[in-house]
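The structure's right below; bear with me while I get my questions together.
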There are 2 protein chains.
Amino acid sequence: MSNLDQIAKLAGFSKATVSRVLNQSPHVSHETRTKILKIMQELDYVPNRNAISLSKGQTLQIGIITSTINEIVLAFLDSFVEVAGQYEFQTIIYTSGEDKKKELQAFEDLKRKRVDALVIISCVNDTDFLSTYCKYGPIVSWQRMEHTDIRSVAMDQYEGYMLALKHLIQKGYTRISNAFGRPSSINTHSRQRAYEQIMSEHNLPVLQHWNHSSIYNIRDGEQVVRDLLQRREEFPEAILCANDYVAVGILCEARRQRLNVPEDLAIVGFDNTELAHTMGITTIQNPIMAQAQNAFFMLSPQLIGRQMELHSLEYCLIERTTT
Amino acid sequence: MSNLDQIAKLAGFSKATVSRVLNQSPHVSHETRTKILKIMQELDYVPNRNAISLSKGQTLQIGIITSTINEIVLAFLDSFVEVAGQYEFQTIIYTSGEDKKKELQAFEDLKRKRVDALVIISCVNDTDFLSTYCKYGPIVSWQRMEHTDIRSVAMDQYEGYMLALKHLIQKGYTRISNAFGRPSSINTHSRQRAYEQIMSEHNLPVLQHWNHSSIYNIRDGEQVVRDLLQRREEFPEAILCANDYVAVGILCEARRQRLNVPEDLAIVGFDNTELAHTMGITTIQNPIMAQAQNAFFMLSPQLIGRQMELHSLEYCLIERTTT
DNA sequence: TTGAAAGCGTTACCAA
DNA sequence: TTGGTAACGCTTTCAA
């Protein structure tokens, strides 16, 4: 493998000049440049990334942290990789599996300059603690955060959930249940707030066993239906789901149990993923791609010294066949 | 940010000794070690990754190349990140979007020592050309490859497809159609070979318009059903799919078109993903996780100087409700 | 057990 | 427009 020194010697110039050619400096004569470029080509030379990173103090790598990669995360991840790539940044995945120690490695990697910035999709460490890492580089979060200086790119789900609730009530459903995600998350709190508010406003019944938590995926959704069926006489008319995948699970299991959707049970998903479209599930359109792009845009002032305009975000309801 | 030099000076030792502490060298007195460790702690010191990578000539990063991240890729990616992480390796995603130039960047990054190794999930460049990069580091592929020294971790899909075909024939289906993936891929050729062989062996009909190519996802699957319905009188009894997602699309669209599954149309997926289970789709179990682990194991001799035993791979058929 | 010094391969500042 | 040289922060070899 050839290096700058060899190129310089062969060309009869100094390393400095070769470096200038590499960095498209205007202060190189045309002649010199062509000569050096020719030699680089002959030697099949490419600069060593580690040396550049060390010297510049910048790696052009961004870490992205998630407890696990599922289809919801995928939509965000995919969009983020795409937009970061447009600005020459690469993306490194850190999956924690909910392990605090493992998750912390990503933050340590910011400190040790392996990555220039960090994007949190989900995290389990204390956010106040995590925000002490902000001094090592910019950090943004998809997951909503409180009491920290880590900015979040997500929207308050209160609005979106409200949309779904109003839709159900307007359609005449009154016995409304929920399949929430992480119990302690801000999203879940927002959703609960919306639910409680509207149910009491309209004087609608709320049964304890209608509200499930820690429901994340298809299998969890299937289980919810089986749980609800335990008390058939108190069966809800509609269910709001943590995400579309939960809705898929509920829909499939409901069919398996000979329930008619939406007559026996109406279902509303969340996110408007491809699958919700395919299976005809009414859902809330969550602009994930726009949020992923915003995540990069929020990092960009510190990364590339450029302020980018953020996409404006808005929920909307997509009515399909499950309500 | 503190560095080795500062630690050394404060501790009253040389950089070499501090470095030895960092690398758990046995040639440091207990006293010295504790003293140095204490100072590191006080200064909140962590070594700079770029400096280490430059000095050692190793980055502990592995690049993984795919044209796009979809759910099938996800299963592989997720498992690979997991196993690589166990050996302290991080994973960098390169999505090419089928763009040869963009894809090549990953290989250039191997050359410029940004990554220590490469895993190809799918690629569009000429494989003979790509294999010239093998001299810069180990490369393995999930996608099957021919005529190169890039080893593949995938199985010949002939076997798996045969399993599905025999199952259908045994169940009495005779008008069998296909939804293939990338037309030029080795997988597709294997599948076609299996199909042609068994159909001629059993003297079964093969209609031109039964065989679709470039069918990759749910939407493509939906379209296949609409296409087939164009000629209702020549409608097949069964369809084999490129993957489970295609099968999902076909199943959903079939229902929408009031076709009964499996009476009017039997469906067989491929891969046995979570979704196939949920929707009760008969499919071929493809040990993706084992293949992802094998991918790392095949790199490991050159990466960590250790030969690992590969998982043995085997297909099997999972019968559910769509056949 | 410790230290001095030469790498690793760039960039960037100051002169010329 | 060019060159010399000091960073960048660590590892590793050779001596002591």
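All figures in this text were calculated on a predicted structure; none of them were measured in a lab. Every chain is numbered from 1, with letters handed out A, B, ... down the list of sequences.
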- [ ] Show your working on side chain to side chain contact (heavy atoms under 4.5 Å, CB included) between A/I93 and B/L77 and close with a plain yes or no.
- [x] CA-CA 10 Å; A/I93 311 176; B/L77 181 63; 4.2 Å; yes

Open item on the list: A side-chain contact here means heavy atoms from C-beta on lying under 4.5 Å apart; do B/P287 and B/M155 qualify?
Closed with: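 B/P287 reaches B/M155 side chain to side chain.
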
Task: Student check: side-chain heavy atoms of B/I64 and B/F76 closer than 4.5 Å - done: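 When only atoms from C-beta onward are counted, B/F76 and B/I64 do touch, with a gap below 4.5 Å.
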
TODO: Please round to the nearest 0.5 Å and tell me the distance separating atom CZ of A/F107 and atom CD1 of A/I120.
DONE: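 Result: 4.0 Å between the selected atoms.
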
Task: chain A footprint on DNA chain D, 5' to 3' - any atom under 4.0 Å from a heavy atom - done: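 In short, chain A contacts DNA chain D from D/dT1 to D/dG9.
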
Task: B/T17 side-chain N/O to C/dT2 phosphate OP1/OP2 under 4.0 Å - done: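 No, outside the criterion.
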
TODO: Tell me what B/S53 touches on the nucleic acid: a base, only sugar-phosphate, or nothing, going by heavy atoms under 4.0 Å.
DONE: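 Answer is nothing: B/S53 stays at 4.0 Å or more from every strand.
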
TODO: Using atom types as modelled and distance alone, determine if a side-chain donor or acceptor of B/R144 lies under 3.5 Å from a backbone N or O of B/N187.
DONE: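 Checking the backbone N and O of B/N187 against the side chain of B/R144, no donor-acceptor pair under 3.5 Å is found.
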
Open item on the list: With a 4.5 Å cut-off on side-chain heavy atoms, are B/L299 and B/V119 touching?
Closed with: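 Counting from C-beta outward, B/V119 and B/L299 do come under 4.5 Å.
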
Open item on the list: With each end axis built from five pairs of C1' atoms, what bend angle do you get for the helix from C/dT1-D/dA16 to C/dA16-D/dT1? Round to 10°.
Closed with: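 Result, rounded to 10 degrees: 30°.
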
Open item on the list: Please check this pair: side chain of B/S131 against backbone of B/D149, looking for a donor-acceptor N/O pair closer than 3.5 Å.
Closed with: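 Judged by distance alone, no pair lies under 3.5 Å.
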
- [ ] Check for a donor-acceptor pair, side chain of A/T188 on one end and backbone N or O of A/S184 on the other, with a separation under 3.5 Å.
- [x]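 Here the side-chain-to-backbone pair does not exist.
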
- [ ] Measure from the side-chain N and O atoms of A/D116 to the backbone N and O of A/Q58, and report whether any donor-acceptor pair falls under 3.5 Å.
- [x]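 It does not hold such a pair.
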
Task: Sidechain-backbone polar pair: B/Q143 side chain, B/C123 backbone, donor-acceptor under 3.5 Å - done: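 Yes; judged by distance alone, with no hydrogens or angles, the pair exists.
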
- [ ] At under 4.0 Å between heavy atoms, which parts of nucleotides 7-16 of chain C does protein reach? Answer with one letter per nucleotide, 5' to 3': B base, S sugar-phosphate only, - none.
- [x] BBBBBBB---

